[in-house]
Amino acid sequence: MDYQFSAIEKKWQQFWAVHQTFRAHDTADKPKYYVLDMFPYPSGAGLHVGHPLGYIASDIFSRYKRLKGFNVLHPMGYDSFGLPAEQYAIQTGQHPAITTEVNIARYREQLDNIGLSFDWSREIRTSDPAYYKWTQWIFMKLFNAWYDQDADKAQPIDSLIAHFEHNGSTGIHAAADENIRTFTASEWHTFKPEEQRREILKYRLAYLRESTVNWCPALGTVLANDEVKDGVSERGGYPVIQKKMMQWSMRITAYADRLLKGLETIDWPEPLVEMQRNWIGKSVGASVFFDDIEVFTTRVDTIFGVSFLVLAPEHELVAKYTSALQQAPVNAYIEQTKKKSELDRMAEAKVVSGVFTGGYANHPLTGEQIPVWISDYVLAGYGTGAVMGVPSGDQRDYLFAKRFELPIIPINDAQQLTEQADPTKSGQYINSAFINGLTYEEAVPVLLNALEAKGLGKARINYRMRDAIFGRQRYWGEPVPVYFKDGLPHLLDEKDLPLLLPEVDKYLPTESGEPPLGRAEGWKYQGTYDYELSTMPGWAGSSWYWYRYMDAHNENVFASKEAVDYWKAVDLYIGGSEHATGHLLYSRFWNKFLKDLGCVAEEEPFKKLINQGMIQGRSNFVYRVLDEEGKGTNTFVSYGLKDQYKTSALHVDVNIVTNDTLNLDKFRQFRPEYENAEFILENGRYICGHEVEKMSKSKFNVVNPDDIIENYGADTLRLYEMFLGPLEQSKPWNTNGIEGAHKFLRKFWKLFHDADNNFRVSDDSPSPAELKSLHKIIKKVEEDIERFSFNTSVSSFMICVNELTDLKCKNRVILQDLCIVLSPYAPHITEELWSLLGNKPGSLSYAPFPQFNPKYLIESEFAYPVSVNGKMKMNLPLSLSLEVPDIEKEVLANADVQRFLDGQTPKKVVVVKGRIVNIVI
RNA sequence: GCUCGGAUGGUGGAACUGGUAGACACGCAGGACUUAAAAUCCUGUUCCCGUUAAGGGAGUGCGGGUUCGAUUCCCGCUCCGAGUACCA
């Protein structure tokens, strides 16, 4: 054996751990660079080969930045609160903390095997009380804050109270609940303390609100939207109903505009930015009152085209407008909608439906009586839950009007109303009273003024985004640092943090339907007051964790001012795009809040973000031959011959298949029933079929990185994961091909050794060809890493090593620099060779990246491709010192070119110096 | 439906600002070494025509266009993937 990867990799992993090679120091003598991975939830299944893709990429980047002279912070930790551990606890009684501990140990072992250069001295776990103390602390800050729209930032709640005491509610522009009261300062002083508290709660950024939740009576718990499939719980399939509950919420909507604006300042993938934009869903329009029915519209200019109003069936005014005569059909429709929304909301061809309430409301400008309808195309949760129906301008309104024979009033002379609505803004208004003859730009301010003068409407901006529910009726999460007194929430003292998660006998809801924390014996604040029984959602701990890495052990503050001012924000963040509207939005929200408080330095937490693609599974199949009755036999036919038989395809473990060839012995051992399996082979082999599917245990296509590392080593795994394709692209894992990456490392090793594996390099001065090869790779790797094109670097390394092998290069100067350039990708083998070259062990991680010198790449000649009519015909080597007219002369004088011309005179000759010659005939 | 990606040999992919399509690797075929196998090394490998060769033709999902020249730019489609879903 020549290249002993196992021994080498263990040796250097140990060396790095013992010497704390990758420990980042909070010093400012080098420029800082912060590279972050999305920290994992430590699941019981461990890592499969898809998980480390992003970690390897960020590790290469981190190592590269260190070589480039940056002080790199590259930490790792665990998002260790979460449902699977709780589910397991319910089933087994095992405390989630224990399961989590075991899983983390396994994750750590797997991560260590890959040779990732994390600074483990900063490790964090969201379920660690020393960590969640600060999650609770931030919650308290949010509770004690309100959003001042005049200053466009969060302010301490005391400033609001002071304002109430001196000026009452006048002059306050706040993001708050809709039912806030107006009062004078003296009225405020007459309020009872509870009354004042209740009013203040409406302004807090963390507040209690009655929200509808997915309640599953059978499981006794609230489910997230994605835990509900087709109206039943994903786990167990029990019915789920909508239930109103008092819930903690986060006033993220206060930050909607800043979250939107911030998107322009960050370097994120466009699809992700777009997703956040849509999620926030800003629309600029107006709210208009038809009597007491408030509608939201983005097209106030079409107001004279209104021929009906539509309320959502759940709208609170439905009852008021419903006439005695229409009572029965309206009720029937409401019932029908309820069922529909639960069962088949996704119905493809949506039929237009709705019912007239029998009531009318007055048009705010014409005073006309407008019929009020209900229909399920109007959603209770968006805007005001009511719309004005303008059939000529809106397609849905048009279909509704057609269906129920309501008038379609043209309102713009540019409208084409043959078969559908026309939302044009380009013409002049007609049938529109005082805006007749005006253009869109002219009409809107006129209308807004008219509406505002009557107090029946005003410009309004609406957001699709809702405030985020912040409570979970679960055990394994951060306790909310709140107790209740007279039915109102009060914060704990800061000195009482962390509020520890209490022990419970079971991880299930109580008999009375309270969350699991209700089971904690004697768990009361000061022995008297009830604590909040829900816990925080999964996103709480992950919405600020990058700051804790900056100062992971500080007991006085979540991160010191000095640490925050030095590390500022994450320079590069790598993770999956599935967090687009969850984690990445909430993190930006908390970051802005912490900025408002003056606790952090930057408005945006993640400067640059890269989404690594999903690694899919690649399943293998065997084909069991079926007998005449369609029953399975014990004979399996190879893929190429399967069409000659009746067969059924069965998943087979990809780990007993090599390059789609089945290992027959291992297959016979795979399951007892296959012990005597017979095979119909092709060319002496059993070829398996294959298909790309999700990587999962049930499909037998899970590949464990540990197995790859055992067979080929971590350096091979790292190279191969990168070699597989562009980082951002989704691709199936296919172990076929890993040999190529491994062979490359062995060739690289051989450059430093003679035929008997003795280390041998020469001290001669390098040849021009060797220097050219080296400087080509220096340039290429720099360019590739800066644009996150890791796959092309690996190819270039292969080319470089092939060239140096052909040149029989043994040159120390060349090989030493090549070691540095390759080290981010294959850190173990390069550390070994680096120390064999006589360098101080471990110093490779901080060696200076070789300086690219273009002079080694200068060519004197270039083989010009000569095309005729754009088709490449031949190469013609010419001196690069030749100018265009001389090149043309040389080319046309060439005998082979003349043969292609076949006596014809070229119409045109295009010459691009150093690139191409094209002859047009 | 809308938004955003994507489509290149048997496979993964390369071609960065329009300039030699298929780099690099896998697989496959043939050969060397070997009693044999594994490992290693060498040669070939987009497709079609041409017995080998010389040579010729086609070719980057499909149909058009711009250009001396298009995988790359523009217009119209097809298929695949992701997100979102009556957003007023």
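Just so it is clear: chains get the letters A, B, ... in the order the sequence lines come, proteins before strands, and each one is counted from 1. Bear in mind that the values here come from a model prediction, so they are computed numbers and not experimental data.
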Requested in this report: Provide the full list of side chain to side chain donor-acceptor pair (under 3.5 Å) pairs with a residue in residues 908-921 of chain A, sequence neighbours left out, each pair given once.
Outcome: A:Glu883-A:Lys913
Requested in this report: Give A:Val378 one of three labels, base, sugar-phosphate or nothing, depending on what nucleic acid heavy atoms sit under 4.0 Å from its own.
Outcome: base
Query raised in the report: Would you say a side-chain N or O of A:Tyr382 is under 4.0 Å from OP1 or OP2 of B:A88?
Result: yes
Query - Residues in side chain to side chain donor-acceptor pair (under 3.5 Å) contact with A:Asn869, at least two apart in sequence or another chain - result: none
Query - Nucleotide forming a Watson-Crick or wobble pair with B:U40, both distances under 3.5 Å - result: B:A32
Query raised in the report: Can you name the residues that form a ring-ring contact (aromatic ring centres under 6.0 Å, His included) with A:Phe400, not counting sequence neighbours?
Result: A:Phe308, A:Trp373, A:Tyr377, A:Phe404
Query raised in the report: According to the Watson-Crick and G-U wobble definitions, with both distances under 3.5 Å, which nucleotide is paired to B:C16?
Result: none
Requested in this report: Just name whichever nucleotide pairs with B:U67, Watson-Crick or G-U, keeping both distances under 3.5 Å, else none.
Outcome: none
Query - Nucleotide opposite B:U78 in a Watson-Crick or G-U pair, distances under 3.5 Å - result: B:A7
Report summary line: With B for base contact, S for sugar-phosphate-only contact and - for none (protein heavy atoms under 4.0 Å), nucleotides 44-50 of chain B reads -------
Query - For B:U84, the Watson-Crick or wobble counterpart (both distances under 3.5 Å) - result: B:G1
Query raised in the report: Excluding sequence neighbours, so at least two apart, what forms ring-ring contact (aromatic ring centres under 6.0 Å, His included) with A:Phe289?
Result: none
Provide a list of protein-nucleic acid N or O atom pairs under 3.5 angstrom, restricted to nucleotides 78-84 of chain B.
none

Query - Of all pairs that satisfy salt bridge (Lys or Arg N to Asp or Glu O under 4.0 Å), the ones with a partner from residues 715-728 of chain A, not counting sequence neighbours - result: A:Asp59-A:Arg718
Requested in this report: Would you mind telling me which of B:C24, B:C86, B:U3 lies closest to the side-chain atoms of A:Ile799?
Outcome: B:C24
Query raised in the report: Reckon A:Val920 touches a base, only the sugar-phosphate, or nothing at all at heavy-atom distances under 4.0 Å?
Result: sugar-phosphate
Query raised in the report: Please, which pairs that meet salt bridge (Lys or Arg N to Asp or Glu O under 4.0 Å) have at least one residue in residues 786-795 of chain A, sequence neighbours excluded?
Result: A:Asp784-A:Arg787
Query - Identified ring pair (Phe, Tyr, Trp, His ring centres under 6.0 Å) counterpart of A:Tyr720 within the set A:Trp733, A:Phe790, A:Phe744 - result: A:Trp733
Query raised in the report: Can you find a side chain N or O atom of A:Asn791 that sits less than 4.0 Å from OP1 or OP2 on B:A14?
Result: yes
Report summary line: Of B:A88, B:A25, B:C4, the nucleotide closest to the side chain of A:Phe723 is B:A25
Query - 5' precedence on RNA chain B between A:Ser283 and A:Lys743 (nearest-nucleotide basis) - result: A:Lys743
Report task. Taking the six-membered ring for Trp and the full ring for Phe, Tyr or His, determine whether the centres of A:Phe797 and A:Tyr825 are under 6.0 Å apart. Result -> yes
Query - Sequence-distant partners of A:Phe748, ring-ring contact (aromatic ring centres under 6.0 Å, His included), two or more places apart - result: A:Phe752
Report task. Please work out if A:Arg685 contacts a base, only the sugar-phosphate, or nothing of the nucleic acid, heavy-atom cut-off 4.0 Å. Result -> sugar-phosphate
Report task. Would you indicate what A:Thr298 reaches in the nucleic acid, counting non-hydrogen atoms under 4.0 angstrom: base, sugar-phosphate, or nothing? Result -> sugar-phosphate
Requested in this report: Just grab all the side chain to side chain donor-acceptor pair (under 3.5 Å) pairs involving residues 292-311 of chain A, residues at least two apart or on different chains.
Outcome: A:Ser287-A:Glu294, A:Asp292-A:Lys320, A:Asp292-A:Tyr321, A:Glu294-A:Arg460, A:Arg299-A:Asp301, A:Asp301-A:Tyr429
Report task. Assert yes or no for the condition that the ring centre distance of A:Tyr3 to A:His753 is strictly below 6.0 Å. Result -> no
Query - RNA chain B-proximal residues of residues 724-742 of chain A, any heavy atom under 4.0 Å - result: A:Leu724, A:Pro726, A:Gln729, A:Lys731, A:Asn736, A:Gly737, A:Gly740
Requested in this report: For nucleotides 57-67 of chain B, just jot down a letter per nucleotide in 5' to 3' order: B, S or -, based on protein non-hydrogen atoms under 4.0 Å.
Outcome: S-B--------
Query raised in the report: Does atom CD of A:Glu316 have more than 12 heavy-atom neighbours, drawn from other residues, nucleotides or ligands, at distances under 6.0 Å?
Result: no
Report summary line: Heavy-atom closest pair (A:Ile280 atom, A:Ala256 atom, distance to 0.1 Å) is CG2-O, 4.0 Å
Query raised in the report: Looking at the rings of A:Phe61 and A:Phe788, which for Trp means the six-membered one, are their centres under 6.0 Å apart?
Result: yes
**Report entry** Base orientation of B:G5, syn vs anti, 90° cut from 0
**Finding:** anti
Query raised in the report: If you find the nucleotide of RNA chain B closest to A:Asn802 and the one closest to A:Asp394, which residue's nucleotide is nearer the 5' end?
Result: A:Asn802
Report summary line: Looking only at B:C16, B:U40, B:C24, the nucleotide nearest the A:Lys750 side chain is B:U40
